[in-house]
Structures are given as structure tokens and as C-alpha cells.
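Working notes, beginning with the structure itself.
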Amino acid sequence: MLDDKFFMKRALFLAKKANWRTSPNPMVGAVIVKDGKIISEGYHKKAGLPHAEAEAIMSAKESLDGATLYVTLEPCCHRDKKTPPCTDAIINSGIRRVVVAMRDPNPKVSGKGIELLKNYGIEVIEGVFEEEAKKLNEFYIKYVTTRTPFVILKIAMTMDGKIATPRGESKWITSEKSRKLVHLIRSRVDALLSACGTVLKDNPMFTSRIKGGKNPLRVIIDPELKIPLDYHVYSPPPHTIAVVHETKLHDNKVKILQSRGVEIISFSSEKVDLQWLMKELGKREITSLMIEGGSSLNSYALWSGVVDKLMIFIAPKIIGGADSYPSVGGKIYKNLNEAFEIKDLKIKKISDDILIEGYLKKA
Ligand code: RP5
């Protein structure tokens, strides 16, 4: 129905107001409509605070008898750590019709919320702006179904695919506007992953310099603890997790880092297993992560199969040469038909740069 689309659009707009601050929860918006008019609205602001539907129901100033609820995600039917089930609030409110954009992929819900509402005689319509709702919560969907973060691999490169000159100069390849967008993404993801090569070369801060933006947790692969203690990444805030080889656990640096609030995660294999690391981060409720590394980490992440989405910024520059750093180094595919494939491409012009976004086709 035309009206359903109209009101769901408003609910999606409200959901976005949370500005990626609801982790590990999804961003959800809700609108209550009676006699063709919006009588109440709500959105989920932060984990621990009321869900969108509950907020809209609570803030309604008139009777909800016979009203329609528009909500961007299926209402929950379970009690989480702090909030009661939204289905109870809906059933008790007098709302007779519920329009949802998408089912909640959380195994604790996944259709059960809808079933419960139907059992109480409430009409439920599904799938209005489903794709938009799914896109909005791509971090949450990956996390709640796999308990590992949604991973974005960001690469800033020249037109010939280089990320640095032979002597490692990389500041800056892309325009200020592109870098600002990267800072915006930093403020949306829960964590940023990099490795000691990039950190030793650039001494990056890995913070978000967006006004009012939150900083991501920094996850730094530093197996041999090569990064000096006075480097930005080891000077919280924001917080940092150092991923260290177990043979270095008795190093005095570990104690110093821990006294600064740096968390140490250790591994025993020759190289850190990124699939394992993603599980460890998932246990810490990291639902999304952006990789900002060099040729080796970019390659390693792709080959490890942890990357979900690519954001490739291409600047109108050419460095050339075999000794300059390629965007993706390391292992190669011998045959073209085996190459990594990217789908659902979106192309944008940002200043003079081009941003290509796409999702990795998984085998
Ligand atoms: C990366 O961001 C660059 O290659 C550089 O290593 C880093 C700089 O980060 P900030 O110090 O600006 O936070 O993409």
C-alpha cells in the first residue's frame, strides 16, 4: 500500500537517527498511525534504552485502540538483559495492525515475534522496504547470525592500484573529502583493525575526527610487540586491543600496556588466524570492524575469508613501478577465473576520487 511505504520510510528515517550507536543492538525506528495520522514515534537510541516500539507506545498521548504500528524490524518476543519483550507492549496497547520491514534474524526471534502477534489476532504485514532495512542493519545481521563482526576492507589507492611509494609514503593518496568519509565510517564501526607494519610506518591515531563522532576500538596485530609504547595506538583513549604472539606474553611491555588499559589477546599459531580473531572480537560484542592496513593485511584478510564489504577509494594519481606497494599483496591467484569477485557495486565520485563499494562473493 502507498501509505505503508510512506510511514515505513518515516520509520527508517527515525531508525537512522541512532547514528550507528546502538551496537550490539540493531537500529530500529517505529511510527504509530491512527486514522491516517502519525500519533507517536520512537527509535532505539542505545543498547539498554527502550526499543523503538516501546518508546513509541510509551510516548503516545492518545488511545492506541485500532492503531497501526510501523516498525523497521520484527518486534522482539524475548527479554534481553535490560528490556522487556516488545510483543507484550504491542499486544496490551490496542494496536491492531503491525507493518514490519524485515524479520529479525536473531535466532531468539526470527519469526516468533510475528507469530505471537498473529496469535493475538493482530494483522501483520511483512517486507515493506525490506532491502533498505537490511542494508541499514548489515552489521547487526552478520553479527547476530554468526557472532562475528561485519568486516569492511577499506583501501585508498592510485589509479594503478598502489597504496604507497617504494619508500612507504602514503599520506595522502586520496582527497580530504574521501578521508572525511573514512572518519565517518570509523565513527560507525565498533572497531578498526590494523597491523604493526602500517602502525610503524605512519604512527596513525586511528580515531574519528568527525565532530561528536565516537572512536572505534583499535585492534592492532603486533605479534612481536614491535610498536613503541609512545605510539598513538598504545596511548588510550580510545581503547586498544593488542594481538600478540604468546611467546611475548612475559615481555615487560605487556604489563605496561595492560596498566594503560590495553587489552592483550594472544595466539600460538605461526600467524594470527583472522577467523579466530573475529570470533574473539565477537565475544566482546564487536559487531562491525573496518580494516585499514597495508598490502599484506589486505591480502591476508581477503584470503582468510573474513571480508564482507570493500570500500575502494581510487585517486587520480599514478605511482607506477614494481617496488611501490600494491593495494593487495601476498598470495596470488594463478588463474583469472579463480579471482575474488565483488558484487552489488556502487560507484560514487568524491571530489576527484572514485569510491567503489561492493560485497565479496563468498564461495
Ligand atoms: C590510514 O589511516 C592511512 O594509511 C594511515 O595509516 C592512517 C592515518 O590515520 P590517522 O592518523 O589519520 O588516524 O588509512
Side-chain angles (χ1 to χ4, degrees), residues 148-149 151-174 182 185-186 189 191-206 216 218-228 231-234 240-248 265-281 289-315 319-334 338-342 356 358 360 362:
T148 61
V151 176
I152 300 170
L153 174 60
K154 172 243 139 184
I155 297 175
M157 65 182 202
T158 60
M159 282 174 113
D160 57 335
K162 307 291 187 188
I163 58 165
T165 65
R167 61 184 173 93
E169 193 189 346
S170 62
K171 284 182 174 171
W172 298 104
I173 286 181
T174 49
V182 172
I185 310 295
R186 282 184 184 179
V189 292
L192 194 155
L193 176 71
S194 196
C196 63
T198 298
V199 176
L200 288 173
K201 183 168 76 63
D202 295 343
N203 188 13
M205 290 197 268
F206 286 148
R218 298 177 292 208
V219 181
I220 307 297
I221 302 171
D222 187 11
E224 303 299 318
L225 284 171
K226 283 189 185 154
I227 299 171
Y231 269 38
H232 296 303
V233 293
Y234 285 155
T240 299
I241 291 180
V243 186
V244 171
H245 196 271
E246 65 171 13
T247 51
K248 291 282 160 183
I265 300 188
S266 68
F267 63 95
S268 55
S269 45
E270 197 191 329
K271 255 180 123 173
V272 62
D273 175 345
L274 290 184
Q275 293 278 358
W276 164 82
L277 182 59
M278 293 309 119
K279 283 187 197 134
E280 284 300 312
L281 296 176
L289 167 143
M290 176 158 69
I291 300 176
E292 285 195 61
S295 303
S296 309
L297 182 58
N298 294 347
S299 157
Y300 193 48
L302 283 167
W303 283 92
S304 302
V306 297
V307 178
D308 294 293
K309 179 176 181 176
L310 283 123
M311 291 186 79
I312 303 197
F313 294 82
I314 305 173
I319 295 180
D323 297 337
S324 44
Y325 289 83
S327 55
V328 181
K331 258 164 93 166
I332 52 165
Y333 272 123
K334 288 198 184 75
E338 293 169 334
F340 294 110
E341 283 191 71
I342 324 297
I356 305 180
L360 211 77
K362 305 224 168 164

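Below, each value reflects all heavy atoms present in this structure, side chains not excepted, and no hydrogens, waters or symmetry copies. Numbers here are sequence positions counted from 1.
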Okay, side chain of [X], backbone of [Y]: is any donor-acceptor separation there less than 3.5 Å?
{"X": "Thr240", "Y": "Val233", "value": "yes"}
{"X": "Asp160", "Y": "Gly320", "value": "yes"}
{"X": "Asn298", "Y": "Leu153", "value": "no"}
{"X": "Lys162", "Y": "Gly321", "value": "yes"}
{"X": "His245", "Y": "Asp222", "value": "no"}
{"X": "Asp308", "Y": "Val151", "value": "yes"}
{"X": "Tyr300", "Y": "Val272", "value": "yes"}
{"X": "Lys362", "Y": "Val307", "value": "yes"}
{"X": "Ser299", "Y": "Ser295", "value": "no"}
{"X": "Arg218", "Y": "Ser194", "value": "no"}

If you measure from [atom1] on [X] to [atom2] on [Y], what distance do you get to the nearest 0.5 Å?
{"X": "Glu169", "Y": "Asp202", "atom1": "CD", "atom2": "CG", "result": "10.5 Å"}
{"X": "Ile356", "Y": "Ile314", "atom1": "CD1", "atom2": "CD1", "result": "4.0 Å"}
{"X": "Glu280", "Y": "Asp273", "atom1": "CD", "atom2": "CG", "result": "10.5 Å"}
{"X": "Leu225", "Y": "Ile220", "atom1": "CG", "atom2": "CD1", "result": "12.5 Å"}
{"X": "Ile152", "Y": "Lys309", "atom1": "CD1", "atom2": "NZ", "result": "5.5 Å"}
{"X": "His232", "Y": "Ile227", "atom1": "NE2", "atom2": "CD1", "result": "12.5 Å"}

How close do [X] and [Y] get, heavy atom to heavy atom, and via which atoms?
{"X": "Tyr234", "Y": "Ala242", "result": "OH-CB, 3.5 Å"}
{"X": "Val199", "Y": "Tyr231", "result": "O-CE2, 3.4 Å"}
{"X": "Phe267", "Y": "Pro223", "result": "CZ-CB, 3.9 Å"}
{"X": "Ala164", "Y": "Ser324", "result": "O-CB, 3.3 Å"}
{"X": "Pro326", "Y": "Ile163", "result": "O-CG1, 3.7 Å"}
{"X": "Ile173", "Y": "Ala315", "result": "O-CB, 3.2 Å"}

Answer whether the closest heavy-atom distance between the side chains of [X] and [Y] falls below 4.5 Å.
{"X": "Pro228", "Y": "Leu200", "result": "yes"}
{"X": "Leu360", "Y": "Leu310", "result": "yes"}
{"X": "Ile221", "Y": "Leu274", "result": "yes"}
{"X": "Lys331", "Y": "Leu302", "result": "no"}
{"X": "Leu193", "Y": "Leu281", "result": "no"}
{"X": "Val328", "Y": "Met157", "result": "no"}
{"X": "Met278", "Y": "Ser304", "result": "no"}
{"X": "Glu292", "Y": "Thr198", "result": "no"}

Pair Leu289-Val306, side chain to side chain contact (heavy atoms under 4.5 Å, CB included): steps then yes or no = CA-CA 11 Å; Leu289 167 143; Val306 297; over 6 Å; no

Under 4.0 Å between a Lys/Arg side-chain N and an Asp/Glu carboxylate O for Glu224 and Lys226?
->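 The answer is no: the pair does not qualify as a salt bridge.
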
Counting heavy atoms not belonging to Glu270, are there more than 12 under 6.0 Å from its CD?
->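 Atom CD in Glu270 is not crowded, with 12 or fewer foreign heavy atoms closer than 6.0 Å.
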
Parallel, tilted or perpendicular: which describes the rings of Phe340 and Tyr333, with under 30° parallel and over 60° perpendicular?
->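 Taking Tyr333 first and then Phe340, their aromatic rings stand perpendicular (interplane angle over 60°).
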
Test log, rule side chain to side chain contact (heavy atoms under 4.5 Å, CB included), inputs Lys154 and Ile185 | CA-CA 10 Å; Lys154 172 243 139 184; Ile185 310 295; over 6 Å; no

